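Report on the structure given below.
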Amino acid sequence: MLRLSLRAEIHDRLSELFFEAFGKESADFVVEIPPEGFGEYSTNIAMANAKTLRTAPRQIANKLLELLSTVSWFTNVEIAGPGFMNFKLSKEVYHHVLAEFVEEVKFPKLAREKVQFEFVSANPTGPLTVGHGRQAIIGDVLVRVYKSVGYDVTSEYYFNDAGKQMKALGHSLWIRYNAIYGESQEFEEDDYKGEYLVDVAKEFASEHGDAYVGKWDEKIQKLFTSYARDRMFDWIKRTLDKIDVKFDVYFSESSLYKKGVTDEAMALLKEKNYIYEKDGTIWFAVSKLLPKEEDRVIIRKNGEPTYFFSDIAYMLDKYQRGFKRVYYIWGADHHGYIPRMQAAAQALEVPDGFFNVIVHQFVTLKSGEETVKMSKREGEFTTLEDLVRRVGKDATRYFFAMLDPNTHLVFDVDLAESKKMENPVYYIQYAHARVVSLLKNAKEKGVSWENATFDNLTLPAEIDIIRFMAEFQEVVISVVNEHKPQKLCNYAYSLSEKFHSYYNANKIVDVENRHLSADRISLCVGVKNTLRTVLSLLGVSSPDSM
RNA sequence: GCGCCCGUAGCUCAAUUGGAUAGAGCAACGGACUUCUAAUCCGUAGGUUGCAGGUUCGAGUCCUGCCGGGCGCGCCA
């Protein structure tokens, strides 16, 4: 019955009625769950159309009210305040909704488009930080949600394992390696000074011995670099695995050059006249497309392309692979990069809406009163791995998904560690486990619920829970449209809240009253199914017992 | 200086995208286990939504200007 969501259905019916009453389309209006005491649902349709109809809201409402009372869905329609229309829904509607959630929680089907999410994309120069963790979870949750509503989604990790920084990594490893043999060497400015290379150096030493102590040439540099890179990548992938983040594609920057996409991109830009030479470098005329922006170098004086040029070619490659839309998830430090990429999108003539960026703000760790700054170069940071080891996968995922990507996240390590039990993720999981336990209990007592009629579900709390379950599709749609994973967290938490409260106030399994029990158990099954579904979108487990 | 993001209870966050009386958790106080998992529930207290204007039937949400915080403004990645 429900194509999208209950509220969308109500919205459609109101639209039809409006057309019937006034012979024209309604202006935009909303159907919402109002505060206590204003009915079960509410709409502002009368107020929204007051201007265009040049009629008082209450008058419009009155006209609609007559029609509404002829439709079986709506009961108790009332007009309130400046022109709100408040109403209840018939029992049958709720029974139908509950029956669906008891059987299977369905996703709205939105689009089959081929889209791509690219995130994390950390170069293999060190372990993932907690900042990468936030990005990994935001991206992974969005991928799961997009898949659920029908998109053909590819998750992708872009990396550069060829540039200057990789040489620095190799050199840094070599220094740590020398230190093992008591040979002290100086770090260079761009080297990676983090302790994590010490262990890698030990491994290297145990495999290769002291053959390279005090010796340094191009061949040795390559050996150290590739060794370090492989170790770092292994580490990164292992960490991602621990938080259940999987990428469909790992894409290397150098493959762009091998494939020749870079040449294509250059030819395209030249042809459109966006390229010029100055001071021995090649520039991309960003200002031609976006007057407020500055032109940018894409080929350096030494003949090497800049990162920006690779990104232009990469975008072209994404387009050629047939994606209808691509999403880049970037940290706040990259936001200044967006305009020039937009200019690139225009220059490459990819369709409007192809290039999209989801920016997330920074994560800082708090321990006591100290905030931990994170710099991979200086070696000061907490690894994502450490964090997961402390608080576990479920809490890590939930916490990173819990806040709006657009707000600064302060991760209080002490709190995450010591007050684990106040964790909202446990609260939700506990609700799930409780229902499972209920079902076991019912089985033991021989109370069945398969043939429930739902007729006994008349308490306001019961209607409220059904009504809230019916919001599920709406929440999923908003996550797709707004890229805000935290809506799933809030939804799961609120549903758990309603359930815990209901559970405490009412006896669910009662051998003396089997019909009532069957109905109530069914309601709980609906809650359980919904929680399980939302948690799986978040990548958080749904334990049967705790 | 310019640009992007944020500012809601003591703390961490909600608020159905412009709706009615701004809601939860933590911290504080008081209650509920011989009863389906007390990792729970119920209650009390806590607010000039950073400030000042504007837009309209209606603003935490939109527009302008301030204030405060974060980030960015490379031939780095």
Side-chain angles (χ1 to χ4, degrees), chain A residues 7 28 30-38 42-44 47-48 50-51 56-57 80-84 86 121-123 125 160 163-165 190 253 279-283 292-294 296-302 304-308 310-311 331-339 359-362 364 376-377 402-408 410 412 415 419-424 426-427 429-431 433-442 444-445 447 471 474-475 478 481-482 486-487 489-491 493-494 496-497 499-510 517 521 524 545-546:
Chain A
R7 258 169 51 202
D28 285 346
V30 292
V31 176
E32 36 180 24
I33 296 179
E36 277 291 322
F38 295 106
S42 162
T43 179
N44 65 348
M47 282 128 78
K51 208 170 251 175
F84 287 104
N86 304 328
S121 296
N123 290 335
T125 57
N160 172 3
K164 208 164 59 178
Q165 37 148 11
D190 286 339
E253 182 189 5
D279 308 330
T281 62
I282 297 179
W283 295 70
K292 282 181 188 166
E293 293 295 315
E294 288 170 20
R296 301 286 168 177
V297 171
I298 54 173
I299 306 291
R300 299 176 180 118
K301 204 169 273 177
N302 64 11
E304 281 180 28
T306 60
Y307 207 85
F308 178 41
S310 298
D311 278 343
D333 55 338
H334 282 65
H335 79 258
Y337 206 68
I338 297 172
V359 175
H360 68 88
Q361 301 299 313
F362 270 46
T364 46
K376 216 197 274 185
R377 287 267 157 96
M402 191 170 66
L403 286 197
D404 190 328
N406 242 333
T407 61
H408 189 154
V410 180
D412 191 326
L415 193 74
K419 304 210 173 176
K420 228 175 155 183
M421 294 314 175
E422 290 161 15
N423 216 320
Y426 293 107
Y427 183 85
Q429 289 178 323
Y430 186 53
R434 259 187 163 172
V435 178
V436 174
S437 170
L438 267 178
L439 298 182
K440 203 192 286 171
N441 186 276
E444 278 164 14
K445 289 182 179 162
V447 177
E471 292 287 290
E474 207 78 28
V475 171
S478 75
N481 291 335
E482 299 164 41
Q486 82 274 16
K487 298 218 162 190
C489 297
N490 295 335
Y491 178 75
Y493 190 87
S494 295
S496 303
E497 215 169 20
F499 167 74
H500 282 309
S501 174
Y502 176 65
Y503 173 94
N504 268 277
N506 301 285
K507 194 167 179 67
I508 313 295
V509 180
D510 184 358
S517 292
I521 293 168
C524 295
S545 67
M546 292 180 73

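Being a predicted model, the structure only gives us computed values, none of them experimental. Just so we're on the same page: letters track the sequence lines, and every chain starts at 1.
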(message) Within the 4.5 Å heavy-atom criterion, are Y430(A) and H500(A) side-chain neighbours or not?
(response)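 Result yes, sub-4.5 Å side-chain heavy-atom pair found.
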
(message) Just to be sure I follow the notation: if a pair is Watson-Crick (purine N1 to pyrimidine N3 plus N6-O4 or O6-N4) or a G-U wobble (N1-O2 and O6-N3), each under 3.5 Å, what dot-bracket string does RNA chain B give, with | for pairs to another strand?
(response) (((((((..((((.....[...)))).(((((.......))))).....(((((..]....))))))))))))....

Distance test, side-chain N/O of [X] to OP1/OP2 of [N], below 4.0 Å:
X: Y430(A); N: A39(B); answer: yes
X: Y337(A); N: C76(B); answer: no
X: R300(A); N: A77(B); answer: yes

Could you tell me whether the side chain of [X] has a donor or acceptor atom within less than 3.5 Å of a complementary atom in the base of [N]?
X: R7(A); N: U16(B); value: yes
X: S42(A); N: A20(B); value: yes
X: D333(A); N: G72(B); value: no

Just call it for [X]: base, sugar-phosphate, or nothing, with non-hydrogen atoms closer than 4.0 Å on any strand.
X: E294(A); answer: nothing
X: S501(A); answer: sugar-phosphate
X: N490(A); answer: sugar-phosphate
X: S545(A); answer: base
X: A442(A); answer: nothing
X: I338(A); answer: nothing
X: Y503(A); answer: base
X: D311(A); answer: nothing
X: N160(A); answer: sugar-phosphate
X: K487(A); answer: base

(message) Need the glycosidic conformation of C71(B): syn if within 90° of 0, anti if not. Which one?
(response)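 Nucleotide C71(B) adopts anti.
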
Write out a two-atom table: protein N or O, nucleotide N or O from nucleotides 47-49 of chain B, distance below 3.5 Å.
none

Taking only N/O atoms, report every protein-nucleotides 3-9 of chain B pair under 3.5 Å with atom names and distance.
unit_1	atom_1	unit_2	atom_2	d
G3(B)	N2	H335(A)	NE2	2.3
C5(B)	O2'	Q361(A)	NE2	3.3
C5(B)	O2'	N406(A)	O	2.7
C5(B)	O2'	N406(A)	OD1	3.4

Say whether, by atom type as modelled, one donor and one acceptor occur between the side chain of [X] and the main chain of [Y] under 3.5 angstrom.
X: N441(A); Y: S437(A); answer: no
X: N123(A); Y: T125(A); answer: no
X: T407(A); Y: D404(A); answer: yes

(request) Determine whether the side chains of S42(A) and N86(A) contain a donor N or O and an acceptor N or O closer than 3.5 Å. (result)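 Indeed, the side chains of S42(A) and N86(A) share at least one donor-acceptor pair under 3.5 Å.
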
(request) Classify the side-chain pair N160(A)/Y307(A) by whether it contains a donor and acceptor separated by less than 3.5 Å. (result)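 Not at all, the side chains of N160(A) and Y307(A) share no donor-acceptor pair under 3.5 Å.
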
Taking only the side-chain heavy atoms of [X] (C-beta and beyond), determine which of [options] contains the nearest atom.
X: Y427(A); options: G19(B), C41(B), C75(B); answer: C41(B)
X: A332(A); options: U56(B), C71(B), C75(B); answer: C71(B)
X: P82(A); options: C36(B), G19(B), A77(B); answer: G19(B)
X: Q486(A); options: U40(B), A14(B), A20(B); answer: A14(B)
X: N504(A); options: C13(B), A20(B), U40(B); answer: U40(B)

(message) Nearest heavy atom decides the nucleotide; on that basis, is L438(A) or F308(A) closer to the 5' end of RNA chain B?
(response)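 In this pair, the answer is L438(A).
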
(request) Could you say whether D510(A) or W283(A) is positioned toward the 5' end of RNA chain B, judged by the nucleotide with the nearest heavy atom to each? (result)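 In this pair, the answer is D510(A).
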
(request) Verify the stacking flag for F84(A) against A20(B): centroid separation must be under 5.5 angstrom and the ring planes must differ by under 30 degrees. (result)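 Base of A20(B): stacked against F84(A).
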
(message) I need the CZ-P distance between F38(A) and A15(B), as an integer number of Å.
(response)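 Distance check: F38(A) CZ to A15(B) P gives 21 Å.
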
(request) Output, in order, the C-alpha distance, side-chain angles, deciding distance and verdict of side-chain contact (heavy atoms from CB on, under 4.5 Å) for T281(A) and I299(A). (result) CA-CA 6 Å; T281(A) 62; I299(A) 306 291; over 6 Å; no

